[in-house]
Asks: 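The structure under discussion is supplied below as structure tokens; questions concerning it will follow.
Note that the coordinates shown come from a computational prediction; the quantities given were computed from them, not determined experimentally. Residue numbers run from 1 in the order of the sequence given.
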Amino acid sequence: MVKDRFPINTISDIVSHPSFENVLPDAYYVDGMIFAVASAPEIPMPEQWMPWLIQSSDSHLVDKDVDRLADTLMNGLRAHLDFMRQEKSPIPSELTVAIEVQGATRPSKELESWLNGLLHVHKQLEPVWQNAWNHWEKHIEKNKANKNERNNDETEHTEPAEARLSRCLKLFSTLANIELALSYRNDNQADQLERNINMLVKQIPAMLADYTKLSGELAGALPNQFETFNKIT
């Protein structure tokens with residue numbers, strides 16, 4: 001069980017080992033990818049998601065290295081699932097502090113890398129999210145007839161799931177490439193974003209928690225993720 005160690009500590013030594021330095025992205029990118037796998041409404045099988053981490057097809061890993069890497073990545077997945085079960089933030093607190101770069105406030109390079117890993121896997125898993133979304137919408141439609149007026153009124157005041165996911169992904173994308181985000185804005189919008197970068201970085205743990213919670217809702221219940229994990233291990 002993970003205690004004081006964050007999930008990235010589970011994988012960092014192996015991912016950073018010289019044997020894998022030309023094979024894998026940096027440890028933060030890999031950890032962000034694993035978080036996105038663990039957060040999916042339906043966790044993909046290892047043979048599906050592990051190849052996403054390989055950035056060089058010219059690698060010459062021996063079987064022993066491949067087995068060690070696979071075990072490490074699965075331990076990283078287990079660590080993230082354990083943190084989700086405990087409702088703990090998956091990233092160290094230092095990543096939620098903006099830094100000064102040539103007089104400007106910016107997300108740390110480590111946070112940018114972590115978020116880019118998350119977004120890379122989310123894109124790969126868009127069909128999984130869409131499938132869960134479709135089942136969730138059918139479930140809502142099926143139960144509408146059984147809802148009384150009071151429950152309907154309460155539902156109307158609940159923020160739509162689409163808006164929640166859009167807000168999460170917008171924040172992740174903005175901080176994953178802040179210079180690109182600034183370039184897409186006019187001067188006033190860019191100035192406003194510049195002023196809010198520190199606040200936005202601090203919001204990352206809450207957004208990650210909502211991203212995970214939303215996935216659990218779409219899947220029907222968060223514990224289903226752990227049942228799936230038990231099957232694939």
Asks: Just how far is it from atom CD1 of I178 to atom OG of S173, taken to the nearest 0.5 Å?
Replies: 11.0 Å

Asks: Mind running side-chain contact (heavy atoms from CB on, under 4.5 Å) on L193 and T174 for me, showing each step along the way?
Replies: CA-CA 10 Å; L193 177 55; T174 297; 4.1 Å; yes

Asks: Inspect the contact between D65 and R68 and indicate whether a charged nitrogen and a carboxylate oxygen are less than 4.0 angstrom apart.
Replies: yes

Asks: Rounded to the nearest 0.5 Å, what separation is found between the CG atom of L69 and the NZ atom of K64?
Replies: 14.0 Å

Asks: Quick one, V128 and P41 - any side-chain contact, counting heavy atoms below 4.5 Å?
Replies: yes

Asks: How long is the span from the CG atom in L125 to the CD atom in E42, to the nearest 0.5 Å?
Replies: 10.0 Å

Asks: Report yes if some heavy atom in the side chain of P107 is under 4.5 Å from a heavy atom in the side chain of I197; otherwise report no.
Replies: yes

Asks: Give a yes or no on this: more than 12 heavy atoms of other residues, nucleotides or ligands lie within 6.0 Å of atom CG of N186.
Replies: yes

Asks: Test side-chain contact (heavy atoms from CB on, under 4.5 Å) on V97 and V201 and set out the steps.
Replies: CA-CA 6 Å; V97 178; V201 170; 5.8 Å; no

Asks: Please identify which of these residues, N75, D31, T212, meets the side chain to side chain donor-acceptor pair (under 3.5 Å) condition with H80.
Replies: D31

Asks: From the options E112, E100, E194, select the one residue that forms a salt bridge (Lys or Arg N to Asp or Glu O under 4.0 Å) with R106.
Replies: E194

Asks: Find out whether L165 and W129 are in side-chain contact, i.e. whether some heavy atom of one side chain is under 4.5 Å from a heavy atom of the other.
Replies: yes

Asks: Does the separation of the ring centres of F35 and F83 fall below 6.0 angstrom?
Replies: no

Asks: Can you tell me how far CE of M84 sits from OG of S215, rounded to the nearest 0.5 angstrom?
Replies: 7.5 Å

Asks: Using a strict threshold of under 4.0 Å (side-chain N to carboxylate O), is an ion pair present between D82 and K88?
Replies: no

Asks: Taking C-beta and beyond as the side chain, do W49 and Q124 meet within less than 4.5 Å on heavy atoms?
Replies: no

Asks: Let me see the working for R195 and D191 under side-chain contact (heavy atoms from CB on, under 4.5 Å), right down to the final yes or no.
Replies: CA-CA 6 Å; R195 292 194 299 271; D191 288 342; 3.7 Å; yes

Asks: Indicate yes or no: at least one non-hydrogen side-chain atom of L118 is less than 4.5 angstrom from one of L208.
Replies: yes

Asks: Is it the case that atom CD in E87 sees more than 12 heavy atoms from other parts of the structure closer than 6.0 Å?
Replies: no

Asks: Kindly indicate whether the side chain of M74, heavy atoms from C-beta on, has any atom under 4.5 Å from the side chain of D71.
Replies: no

Asks: Kindly indicate, with the supporting measurements, whether the criterion side chain to side chain donor-acceptor pair (under 3.5 Å) is fulfilled by Q130 and N134.
Replies: CA-CA 6 Å; Q130 187 62 54; N134 293 339; 2.9 Å; yes

Asks: With heavy-atom distances below 4.5 Å as the criterion, would you say the side chains of K213 and R164 are in contact?
Replies: yes

Asks: When rounded to the nearest 0.5 angstrom, what distance separates CG in L171 from CG in L115?
Replies: 7.5 Å

Asks: Does Y28 form a side-chain contact (heavy atoms from CB on, under 4.5 Å) with K109? I'd like the steps, not just the answer.
Replies: CA-CA 9 Å; Y28 288 97; K109 291 299 182 183; over 6 Å; no

Asks: Indicate the ring-plane relationship of Y211 and F172, choosing parallel, tilted or perpendicular according to the 30° and 60° boundaries.
Replies: perpendicular

Asks: Would you compute the distance between atom CG of L73 and atom CD1 of I14 and round it to the nearest 0.5 angstrom?
Replies: 9.5 Å

Asks: Under a 3.5 Å cutoff, is there a donor and acceptor pairing between the side chains of T105 and N198?
Replies: no

Asks: Do T96 and P205 come close enough that some side-chain heavy atom pair is under 4.5 Å?
Replies: yes

